[in-house]
Amino acid sequence: MITSAKSDAEPLVEQARIYSRSEHNISRSQISDNALKVLNRLQREGFDAYLVGGCVRDLLLGREPKDFDVATNAEPDQVKKVFRNCRLIGRRFRLAHVYFGREVIEVATFRGAGETKNDKQVLNNEGRLLRDNIYGTIEEDVWRRDFTVNALYYNIKDFSVVDYVGGMADHKSATLRLIGDPETRFREDPVRMLRAVRFAVKLGFMLDPDCEKSMHDAAELLSSIPAARLYDEVLKLFLSGYALQTFEMLRHYGLFQVLFPATESSLAIEQDGFPRLLPIKALENSDNRMAEGKTVTAYFLFAAFLWEPVQIRAKEKLARGIAEFVAYQDAANEVIARQIKSTALPRHITMAMREVWSLQPKFNMRFGSRPSRLITHPRFRAGYDFLLLRSETGGADPELAQWWGKYQETSETEQRKMTQPPRKAHNNKSGRKKAYRKKVSDGTTGTE
Ligand code: ATP
Ligand code: MG
């Protein structure tokens, strides 16, 4: 019998259930050779060594884990002594990274139960005592983990799975259940709500009813999380291959509005009786691309999320008599400035978003040498994909998108023909040129 205190108020007494090798489906052939090397080596040196977290969860489901995390009773300095190819990272809680070419195996020492409770003590102290306080036993380590299915330990000693929290049963019933009281656990770290959505969608698991209820109530807490951390989480959420389902679930729990407030408001405004479909279509395309093994970029999705908010603001400015170019620039600046308060966006991302947006009016200029120059723009492809999205969702003329599709595929001779200005029965040659020049400069050429 092992007694573990998750918090003062709630002592937890649990006994680990050990699933022997014959009672589970994790085989060593599914584990990366490098992870096995780390586990075996730690064991040979006399330490306990387990695989833990997402990799055990994924192996049980017969999926290929993204990475392999190791938990051990060896302290970081001891881990470093065992592996030459090892670097210690993190200040307060030190982790060991063991490098094998491009693969990194993260080795974490078991965390103690006092770790969160004695935060201040830990921060104000340095040295040995502090460490004693942070590091703990496997029985303590388990309680700081988020979901029961993420808290299973694969023991290299006998290939068993160690389960303190009923994670195996939850696996079988495809349930995502928080360890401990959901409200407390969400309050401790509101990012766990985003993780709940991510795992529910990725694994096809149901949220346990208590967890679900708390999520509705706790969504607002997410706004207290630093924008930089939320940016990292948002990438994981939307570059997962299940972006559309994730988006819908985040909206359902009121989490999306904390992450993308301007997008959420714009989704509420219908256009000709239809909801705004561009973000939805962008997510769908992104999932399809992932399924085909193609790359997806974060900036494209953010550009899609924030396109409508920029349009709305720009139109307000135009109505106030502000010049078109300035109106769009200012609108983009304002929308981005607001967004980075919720989820930080690195500069390369906002630059790329702006480029995609600013290419859009340029697609209207179909005559003369402009198309041949536009096509060499480094973001042409993304800009064109964005134009397609707009045309599919009622924001641009489908004929325009088709024209650009054809222009890219055809021969140079044909391209020249396509970009000839329309000839009109006209005697006054210079007058015609002037009129054309005017059209090009105000961007109206080719839209009629
Ligand atoms: P993924 O497949 O996305 O890597 P993962 O479960 O491995 O999923 P990580 O972020 O790599 O997720 O975290 C590893 C483990 O650390 C988790 O399985 C969980 O046990 C624990 N963990 C991570 N983040 C939290 C958190 N915010 N609160 C509690 N435990 C966490
Ligand atoms: Mg992981």
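All ligand and atom numbering here is 1-based and tracks the order in the structure. Quick note: residue numbers are just sequence positions, from 1.
- The distance from ligand 1 to the heavy atoms of Asp189 drops below 4.0 Å at these ligand atoms: 26 (C), 27 (N).
- No side-chain donor from either of Ser342 and Gln339 sits under 3.5 Å from a side-chain acceptor of the other.
- Glu188 and Thr184 form no side-chain donor-acceptor contact under 3.5 Å, judged by distance and modelled atom types alone.
- A donor atom on one side chain and an acceptor atom on the other are found under 3.5 Å apart for Arg354 and Asn333.
- Applying the side-chain hydrogen bond (donor to acceptor under 3.5 Å, both in side chains) test to every pair with at least one member in residues 50-67, sequence neighbours left out, gives these pairs: Arg57-Asn150.
- Taking the six-membered ring for Trp, Phe100 and Phe83 have ring centres at least 6.0 Å apart.
- Taking 4.0 Å as the cut-off, Phe147 does not count as a neighbour of ligand 1 on heavy-atom distance.
- Heavy atoms of Val191 come nearer than 4.0 angstrom to ligand 1 in no pair at all.
- Arg192 NE, 2.8 Å is the protein heavy atom nearest to atom 28 (N) of ligand 1.
- Considering backbone and side-chain N/O of Lys236, none are found under 3.5 Å from N/O of ligand 1.
- Close approach of ligand 1 to Lys202 (heavy-atom distance below 4.0 Å) involves ligand atoms 2 (O).
- Geometrically, Arg28 engages Phe159 in a cation-pi contact defined by less than 6.0 Å to the ring centre and at most 45° from the axis.
- Atom numbering of ligand 1 starts at 1 in the shown order; those under 4.0 Å from a heavy atom of Gly54 are 5 (P), 6 (O), 7 (O), 18 (O).
- Under the 6.0 Å distance and 45° angle rule, Arg390 does not count as a cation-pi partner of Phe386.
- Near Arg57, the atoms of ligand 1 lying under 4.0 angstrom from a non-hydrogen atom of the residue are 1 (P), 2 (O), 5 (P), 6 (O), 8 (O).
- Protein heavy atom at the shortest distance from atom 19 (C) of ligand 1 is Asp146 OD1, 3.4 Å.
- The closest heavy-atom contact to atom 9 (P) of ligand 1, among the options Arg111, Arg195, Arg229, Lys66, comes from Arg195.
- Listed by number with element, the atoms of ligand 1 under 4.0 Å from a non-hydrogen atom of Arg198 are 3 (O).
- Note: His171 and Phe205 have perpendicular aromatic rings, judged against thresholds of 30 and 60 degrees for the angle between ring planes.
- Heavy-atom contacts of Gly53 reach the following atoms of ligand 1: 18 (O) (cutoff under 4.0 Å).
- Scanning the protein heavy atoms around atom 21 (C) of ligand 1, the nearest turns out to be Arg145 NH1, 3.6 Å.
- Judged by distance alone, the side chains of Asp158 and Ser160 do bring a donor and an acceptor atom under 3.5 Å apart.
- For the ring pair (Phe, Tyr, Trp, His ring centres under 6.0 Å) test, no residue two or more places apart in sequence or in another chain qualifies with Tyr299.
- Of all the atoms in ligand 1, the ones that sit under 4.0 Å from a non-hydrogen atom of Arg144 are 29 (C), 30 (N).
- If you check which protein heavy atom lies closest to atom 14 (C) of ligand 1, you get Asp69 OD2, 3.9 Å.
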